Amino acid sequence: MVVGILKLTLYLPENHSLKGKRGVIKKIKARVANTFNVSIAECDAHDLWQRAVLGVCMIGPDAAYIDGALRQVVRFVDDLQVAELGADEIELVHI
């Protein structure tokens, strides 16, 4: 079994409040969760208006499949064009 973990940093340069940030993050989380079979949560930079860090997790039997699926999540979030994509880190843990 393989656990895939994606840490995705997003920048929201046009945002000027935590309320606005919450709206953008909520939209991203809902679209990703409905499109892919993953768990997603905001995991860092909670009090910063113009930056968000999302954690995405997926479990499966094959490392190549998990890696490819998490890379699709990165492309999907980038294609939404509601936030600028920053760094993305994928870690695979074999259990």
Side-chain angles (χ1 to χ4, degrees):
M1 177 171 31
V2 179
V3 178
I5 304 162
L6 167 65
K7 181 180 175 185
L8 189 60
T9 304
L10 302 173
Y11 296 101
L12 311 160
E14 301 298 320
N15 193 35
H16 299 292
S17 69
L18 287 175
K19 185 176 180 181
K21 175 185 173 181
R22 269 195 316 268
V24 171
I25 297 304
K26 186 175 179 179
K27 178 180 179 178
I28 292 171
K29 287 172 42 179
R31 297 282 305 269
V32 169
N34 289 334
T35 306
F36 300 94
N37 190 19
V38 297
S39 296
I40 183 168
E42 184 178 6
C43 57
D44 198 7
H46 297 285
D47 56 345
L48 299 177
W49 297 354
Q50 297 179 335
R51 192 178 84 152
V53 179
L54 298 178
V56 182
C57 181
M58 183 176 198
I59 298 174
D62 183 28
Y65 172 75
I66 299 295
D67 184 61
L70 291 176
R71 291 189 190 284
Q72 283 183 337
V73 170
V74 173
R75 284 192 299 274
F76 181 79
V77 171
D78 191 29
D79 289 345
L80 288 176
Q81 296 182 350
V82 294
E84 290 181 21
L85 196 60
D88 60 278
E89 301 171 28
I90 295 177
E91 180 181 349
L92 300 176
V93 179
H94 297 271
I95 297 176

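All values reported here derive from a predicted model rather than from experimental measurement.
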Remaining members of hydrophobic cluster (4.5 Å side-chain criterion), Trp49: Leu18

If you look at every heavy atom in [X] and [Y], which pair is closest and at what distance?
X     : Y     : value
Gly20 : Ser17 : N-OG, 3.0 Å
Val3  : Cys57 : CG1-SG, 3.9 Å
Gly4  : Leu70 : C-CD1, 3.6 Å
Val82 : Leu12 : O-CD2, 4.0 Å
Pro13 : Gln50 : O-NE2, 3.2 Å
Ile28 : Ala83 : CD1-CB, 4.4 Å

Tyr65, OH atom: more than 12 neighbouring heavy atoms under 6.0 Å: no

If hydrophobic clusters are built from ILVMFWY residues whose side chains come within less than 4.5 Å, do [X] and [Y] share one?
X     : Y     : value
Ile5  : Val32 : no
Leu48 : Leu10 : no
Leu80 : Val73 : yes
Leu6  : Val93 : no
Tyr11 : Ile25 : no

Salt bridge present between Lys26 and Glu42 (N-O < 4.0 angstrom): no

Step-by-step salt bridge (charged side-chain N to carboxylate O under 4.0 Å, His left out) determination, Arg51 to Glu84: CA-CA 9 Å; Arg51 192 178 84 152; Glu84 290 181 21; over 6 Å; no

side-chain contact (heavy atoms from CB on, under 4.5 Å) between Cys43 and Leu54, worked out: CA-CA 6 Å; Cys43 57; Leu54 298 178; 5.8 Å; no

Backbone N/O of Ala30 and side chain of Asn34: donor-acceptor pair under 3.5 Å: yes

Step-by-step salt bridge (charged side-chain N to carboxylate O under 4.0 Å, His left out) determination, Asp79 to Arg75: CA-CA 6 Å; Asp79 289 345; Arg75 284 192 299 274; over 6 Å; no

